[in-house]
Each structure stands twice: as structure tokens, then as C-alpha cells.
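Values below: every heavy atom of this structure, side chains too, minus hydrogens, waters and symmetry copies. As the structure is a prediction and not an experimental result, all values here were calculated from the model. Counting from 1, the numbers follow the sequence of the chain as shown.
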Amino acid sequence: MSLYRLRRTRSSRLTLTTPDGQTLVAENLSGDTGFAMSFEAKRTMDENPGEYSAVAWNLPANVLEGLEAAQGRRINDPDRILVDEVLRDVGVPPDGSAALEGGWLVAEFEAGYDGVVSRVFRGIGARISTERVDDGCTTESRISIVENLDAILLGDGERSFPPGASTFELVDYLRGIAGLGPGNLTPALLTALLGESKLSSGYHCAGGQALTRLKSVLEYLPLRWFVDDREFWICGRDGVPNAGGVPAYVADEIGEPDILLSRPRRVDGGMISAECFLCPRLRVGRLVNLTEAGLALALQGLSPSEQAIAYAEVPPGLYRLDEVTHDGSWTTRMMLRPGVAML
């Protein structure tokens, strides 16, 4: 396995869109240029949007010049930034267009192997700074990215919902103010989770963070919601029955990790920790299939009795991906919950 790993070429692409519509691209698809990236992108099955950090070395000169020109509005004083800005009470587009109008960069990073890349993260460039290191021989650019920074600053809900209004209408409105795409939120799925759900009393939205309002509205309902890739997702809640028997995971796909780099192991709380080659296609809230063949490769070198113990601890099967971290060593770390596929 180590020889195979050495034969894989790390590939990466950084795309920055500036407020004036200019697209700046730095890429190293074949591993033969001076441009390189380190990064950490962590996604969790909860209501927190992604926050990502990256370090880029030796960005091309045109990209550095464009970055400097685009950084006229640095995120230091939000109150000052919001002067003359128009707050959005009908929703913040999840595509980042409001960020560009507000003067912020949109950053997207893709990575993979052997010239084939897929998106690791996309968000709003909250802070970008560049300095020279190694006695001036290398430029080092540090990039902090927040998935929905534009919605945090510009989203301003102002709407009243009378008694009898549908719960879906309220949730969908708050989702839009939070700058999130619909994900899998539909009237049919929400009804399957809650039954016919309407507001028993009026609800007035007047400012405040939409994500906080969503949490207060959904906290005691028999569903779980989370944010991933700036989309809003819902599913059943662990151990809590719901009207339509919706499972405690998003059932749109079953993922399979790349080659495992170490033996999966149980950790605190009954969770399972596993690590594989960089695999951005894995998405939180979905089932992940640990196959017998994949586990066998990770258990090479163990005696038959040690392999039997390992299989007993982490058998092949379906596990829910509750947390995933992609990092600059081109690895993906997973926290998996067993037993969910049986609920």
C-alpha cells in the first residue's frame, strides 16, 4: 500500500472570484509546479456552517496581485463594513453572489490525485494575508474561509407568521435568510417527519441570526437538521420515532471511502474512527460502506487471530458519517456511528 501511495500524484486547484467578477486560478494538477496547498476542512452533522483554513505557497504573481487589489475590505470591524449595505430580508443567495456584491472574495478549493480533482470546500474569504518566508524565497498566503459569512452579516429576517401557518413555510423562510440552499427540505419530507404540522401560535421574526432561530424552532421536534456544503438537510433523530419512519440519515447515497490507511478502531461513545486517502466525495449524514475487501487491505500484516478481533470490533457494514475532516496531508479522517442503518 505504501508503494501505491507514492505513485499517486497530489493535484490541487484554488479558484478565487473577486468582487469585480475576475476569476483567479492557481493549480498544480501534475505535481510539477512550485504552487502547493495545505488545508483543513471539517464538516460535522450539526447546525454549524463550515469554517476552513488554507495555506498556499508560491501563488502565481497574477493571483497575488489580484488578491491584494481585492482586499480593500478586510473583515475586522463588521459594523463598519455594513455601512451602506442593504440587508436581505427575503433571503441570501447560497451561491455567494451577495458576498461579491458586498465586496468579499469567494474561494473554492479542489483536490485529488493524478489530475482528477473534486471540491473540498467553497466559502467566503474572511481574511487573506501574504508574507515572504524562507529568506524571501517563498510567498506564503493564509486564507480563512467561512461558508456563509455573507448571510451572517447581511441576513435580516423581517416577517410574521400567523397561527395556522405551516411549519414548512417558517423553516424554509429561515433557511433562506441563513443563506442555505434547500438541500433535501421539501414539504413531503417534513410532513413524513412531523405529520401535518402548523404553528399553534404566531411567530414574528425581527432580526437576529437565522441559524439561532432555526435551532429554537426545531430543537424539540422529532427530526435532526444540519448544514453541509451550504445546504440545509433533515433526517430522523436517533432513537426517536417520527410520523413517516424517516431514517436517521440522509438516504440519497451510500459512500465508500478510498483506500483505508489504518485499521478502523472504536473510540469513546461507541464511535468508530477511520482514515483513508483524501476522499472529498464523502458527505456527512450519509451512510458509508466499510467493505470486507477494504477492511482486509487495512488489516494486512495482522495474524489471523488479530484479524478476527479487528473484524469483531469493526465488522464490514454500513455506518453513518457524523464527522469528516480533509487535510493537507491528502487524507480524510472519519467519525462513524454504527447501528444507524438498522434504526
Residues in side-chain hydrogen bond (donor to acceptor under 3.5 Å, both in side chains) contact with N62, at least two apart in sequence or another chain: none

side-chain hydrogen bond (donor to acceptor under 3.5 Å, both in side chains) partners for T17, two or more places apart: none

Side chain [X], main chain [Y], donor-acceptor under 3.5 Å:
| X | Y | answer |
| --- | --- | --- |
| T332 | C279 | yes |
| S11 | G115 | yes |
| E147 | G50 | yes |
| T138 | D134 | no |

All N/O donor-acceptor pairs, side-chain side in residues 199-209, below 3.5 Å, sequence neighbours left out:
from	atom 1	to	atom 2	distance (Å)
Y203	OH	R213	NH1	3.1
H204	ND1	S160	OG	2.4
Q209	NE2	I152	O	3.3

Pairs meeting criterion ring-ring contact (aromatic ring centres under 6.0 Å, His included) with involvement of residues 127-164, two or more places apart: F161-Y173

Separation of [Y] [atom2] from [X] [atom1] (nearest 0.5 Å):
| X | Y | atom1 | atom2 | answer |
| --- | --- | --- | --- | --- |
| R237 | L221 | CZ | CG | 7.5 Å |
| L29 | R10 | CG | CZ | 15.0 Å |
| E231 | L180 | CD | CG | 8.0 Å |
| L295 | L290 | CG | CG | 5.5 Å |
| L193 | I234 | CG | CD1 | 5.0 Å |
| M271 | L336 | CE | CG | 7.0 Å |

Residue pair Y319, I272: steps toward the side-chain contact (heavy atoms from CB on, under 4.5 Å) verdict: CA-CA 9 Å; Y319 299 83; I272 291 171; 3.3 Å; yes

E256: side chain to side chain contact (heavy atoms under 4.5 Å, CB included) partners, not counting sequence neighbours: N289, T291

With sequence neighbours excluded, residues passing side chain to side chain contact (heavy atoms under 4.5 Å, CB included) with R122: V106, E108, R119

Counterpart residues, ring-ring contact (aromatic ring centres under 6.0 Å, His included), relative to F39 (two or more places apart): F109, W330

Counterpart residues, ring-ring contact (aromatic ring centres under 6.0 Å, His included), relative to F232 (two or more places apart): W225

So which heavy atom on [X] is nearest to which on [Y], and how close?
| X | Y | value |
| --- | --- | --- |
| V120 | P280 | CG2-CG, 3.9 Å |
| A178 | N148 | O-ND2, 3.5 Å |
| A210 | I177 | CB-CG2, 3.7 Å |
| G285 | M45 | CA-SD, 3.7 Å |
| G236 | N242 | CA-ND2, 3.9 Å |
| C276 | D258 | CB-O, 3.5 Å |

side-chain contact (heavy atoms from CB on, under 4.5 Å) assessment of S197 paired with F168: CA-CA 8 Å; S197 179; F168 173 82; over 6 Å; no

Min side-chain heavy-atom separation [X]-[Y] under 4.5 Å:
| X | Y | answer |
| --- | --- | --- |
| V284 | F226 | yes |
| T331 | L278 | no |
| M37 | V55 | no |
| R266 | P338 | yes |
| I254 | V288 | no |
| V217 | L170 | yes |
| T186 | N184 | no |
| L223 | C235 | no |

Residue pairs involving residues 273-283 (criterion side chain to side chain donor-acceptor pair (under 3.5 Å); sequence neighbours excluded): E253-R283

Short N-O contact, K215 and E47, less than 4.0 angstrom: yes

Note: K198-E169 ion pair, threshold 4.0 Å (strictly below): no

Pair listing, salt bridge (charged side-chain N to carboxylate O under 4.0 Å, His left out) test, anchored in residues 322-331, at least two apart: K42-E323, R320-D322, D322-R337, D327-R333

Non-neighbouring partners of E140 that pass salt bridge (Lys or Arg N to Asp or Glu O under 4.0 Å), sequence neighbours left out: R142

Test salt bridge (Lys or Arg N to Asp or Glu O under 4.0 Å) applied to R175 - qualifying residues, sequence neighbours left out: D172

Residues Y52 and R43: side-chain donor-acceptor under 3.5 angstrom: yes

Hphob cluster co-occupancy, L214 + L194, side-chain heavy atoms under 4.5 angstrom: yes

Verify same cluster id: I143, W57 (apolar side-chain graph, 4.5 Å): no

Chi angles and distances behind the side-chain contact (heavy atoms from CB on, under 4.5 Å) call for D229, F121: CA-CA 7 Å; D229 201 20; F121 58 76; over 6 Å; no

Step-by-step side-chain contact (heavy atoms from CB on, under 4.5 Å) determination, V314 to R265: CA-CA 7 Å; V314 183; R265 65 188 190 281; 5.7 Å; no

